[in-house]
Q: 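Take this structure first; my questions come after.
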Amino acid sequence: MSSPDITINGIVVQRGQRVTVDLPAAQLYTHAPVAMPVQVISGRKAGPRLFVSAAIHGDEINGVEIIRRLLKLPTLKRLRGTLIAIPVVNVHGLIHHSRYLPDRRDLNRSFPGSERGSLAARLAHLFMTEIVEQCTHGIDLHTGAIHRSNLPQVRANLDDEETSRLAHAFGVPVLINADVRDNSLREAAAELGMPMLLYEAGEALRFDELAIRAGVKGIVNVMRALDMLPVRSGRHRAPPTPVIARSSTWVRAPASGILRTVVPLGARVDKDTLLGVLSDPFGERESEVTAPAEGIVIGRTVLPLANEGEALFHIARFRRIERASAKVDAFQEEHQLNWPEDPGPEGPIV
Ligand SMILES: [Zn+2]
């Protein structure tokens with residue numbers, strides 16, 4: 001016999017069902033309705049309720065693809081608890097290839113929102129009441145901002161024991177114990193006492209295969225840690241333990257110029273290591289960009305045109321740099337080495 005699991009937008013999802021719900025999210029002025037698409041997968045057995053959301057910043061599309069692949073995994077047939085996938089939270093932003101809403105507000109600075117506030121506040125309120133408040137755990141998927149790429153990393157409140165356990169289970173080499181931003185989804189979830197992870201990888205408006213694969217794998221790892229998915233005995237290797245960044249800083253352009261970058265994401269740098277060179281179009285005036293301290297490059301600009309003061313490289317510092325560097329190298333090898341021979345993006349990931 002089936003029993004009701006969760007109700008979203010008035011639609012009752014029974015245990016064992018997979019249901020797509022269109023959450024009405026403000027009509028366009030053309031008269032066309034806009035809906036936030038939600039897919040609910042209810043396991044036969046009760047368990048945690050996990051939401052996985054993407055494109056709260058409408059131009060951050062790696063997470064949309066991560067969710068598409070996640071929803072195809074055959075292992076979900078054995079789900080315990082409920083998975084709620086929201087591949088496009090900021091529908092207006094995605095349509096316009098924009099981080100923001102049409103009024104230039106940032107949805108991730110508009111939580112928990114309100115019924116009668118700005119469009120952003122209303123969408124935040126809808127997302128909170130229909131999704132977040134009904135869940136026990138959350139994973140929100142992000143990328144770097146436009147023209148900036150991030151090494152896969154998890155940001156979370158690592159001072160909370162359960163959040164830290166799940167962040168470690170995700171399986172990326174770098175964790176950042178990040179302060180919550182005012183009015184972010186993470187702050188709103190923290191106020192509910194809900195463990196929530198933020199996965200940041202790749203850049204806006206681009207697909208990054210490594211970031212996507214690591215994201216799908218990471219969500220599955222977290223679901224296993226929550227006992228929502230079975231751990232296959234023998235075949236499953238526990239994800240390597242990550243390292244926690246002590247701090248991180250952006251290196252800014254000392255002068256305006258055209259940038260030649262010499263270090264990739266994940267590179268280990270020492271104090272004064274050359275990161276890139278800025279020059280004018282004649283190559284007559286050059287200024288070097290160097291690392292202010294030893295660390296690992298966890299983010300960088302991919303647009304080679306820089307004005308003085310613009311952020312170029314994001315460097316994370318670690319207590320034990322050798323250990324951190326070895327983990328980043330192993331992670332990159334694991335996800336990249338066998339690309340030509342492996343079954344391709346749709347192949348078995350986990
Ligand atoms: Zn974002």
Side-chain angles (χ1 to χ4, degrees), residues 25 36-37 51-68 70 85-113 118-121 123-124 126-128 131-132 138-157 163 167 170 172 174-190 196-208 210-212 214-216 218-219 222 245 248 250 265 298-303 310-311 313-314 316:
M36 191 188 296
F51 78 82
V52 180
S53 55
I56 274 195
H57 291 134
D59 59 353
E60 299 182 359
I61 59 176
N62 273 334
V64 181
E65 173 64 5
I66 289 171
I67 290 179
R68 188 191 70 81
L70 176 72
I86 313 94
V88 186
V89 178
N90 180 355
V91 181
H92 298 78
L94 188 93
I95 292 168
H96 292 282
H97 308 177
S98 164
R99 175 184 179 91
Y100 304 106
L101 284 156
D103 65 357
R104 303 192 190 187
R105 279 179 208 262
D106 185 328
L107 183 52
N108 208 23
R109 305 284 179 275
S110 306
F111 280 88
S118 65
L119 175 58
L123 290 172
L126 176 76
F127 191 68
M128 283 304 290
I131 309 288
V132 181
I139 301 175
D140 191 27
L141 306 172
H142 287 255
T143 73
I146 191 151
H147 305 314
R148 276 179 217 216
S149 191
N150 283 339
L151 184 77
Q153 54 198 263
V154 165
R155 298 176 184 203
N157 173 16
T163 309
F170 198 97
V172 290
V174 176
L175 301 186
I176 296 177
N177 194 6
D179 291 334
V180 287
R181 288 187 190 257
D182 287 348
N183 301 112
S184 66
L185 170 59
R186 209 150 67 78
E187 186 187 62
M196 201 193 116
L197 307 181
L198 198 146
Y199 176 64
E200 280 258 4
E203 65 173 295
L205 295 177
R206 298 282 181 274
F207 276 172
D208 179 312
L210 184 144
I212 292 166
V216 177
I219 296 166
V222 169
S248 71
W250 276 95
L265 277 182
I298 61 163
R300 68 178 184 91
T301 182
V302 291
L303 179 72
E310 282 179 356
F313 299 93
H314 194 193

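Numbering of ligands and ligand atoms starts at 1, following listing order.
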Q: Considering non-hydrogen atoms only, spot the tightest contact between Asp182 and Glu187 and give its length.
A: OD1-OE2, 3.6 Å
Q: Would Leu123 and His92 count as a side-chain contact (heavy atoms from CB on, under 4.5 Å) if you check the C-alpha gap in whole Å, the side-chain angles of each, and the deciding distance to 0.1 Å?
A: CA-CA 10 Å; Leu123 290 172; His92 298 78; 4.2 Å; yes
Q: For the CD1 atom of Ile67 and the CD1 atom of Ile212, what is their distance to the nearest 0.5 Å?
A: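 The CD1 atom of Ile67 sits 12.0 Å away from the CD1 atom of Ile212.
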Q: Any sub-3.5 Å donor-acceptor pair from Asn183's side-chain atoms to Phe111's backbone N or O?
A: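 Here the side-chain-to-backbone pair exists.
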Q: Restricting to distances shorter than 2.8 Å, give the number of protein N, O or S atoms close to the Zn ion (ligand 1).
A: 4
Q: What pairs of donor and acceptor atoms, side-chain ones from residues 51-63 against any protein atom, are under 3.5 angstrom apart with sequence neighbours left out?
A:
unit_1, atom_1, unit_2, atom_2, d
Ser53, OG, Asp140, OD1, 2.7
His57, ND1, Glu60, OE2, 3.3
His57, ND1, His142, ND1, 3.2
His57, NE2, Arg99, NH2, 3.4
His57, NE2, Asp106, OD1, 3.0
His57, NE2, Asp106, OD2, 3.3
Glu60, OE1, His142, ND1, 3.0
Glu60, OE1, Thr143, N, 3.1
Glu60, OE2, Arg99, NH1, 3.3
Asn62, OD1, Asp208, N, 2.9
Asn62, ND2, Ala201, O, 3.0

Q: Verify, without hydrogens or angle tests, whether Gln153 (side chain) and Ile298 (backbone) share a donor-acceptor contact under 3.5 angstrom.
A: yes
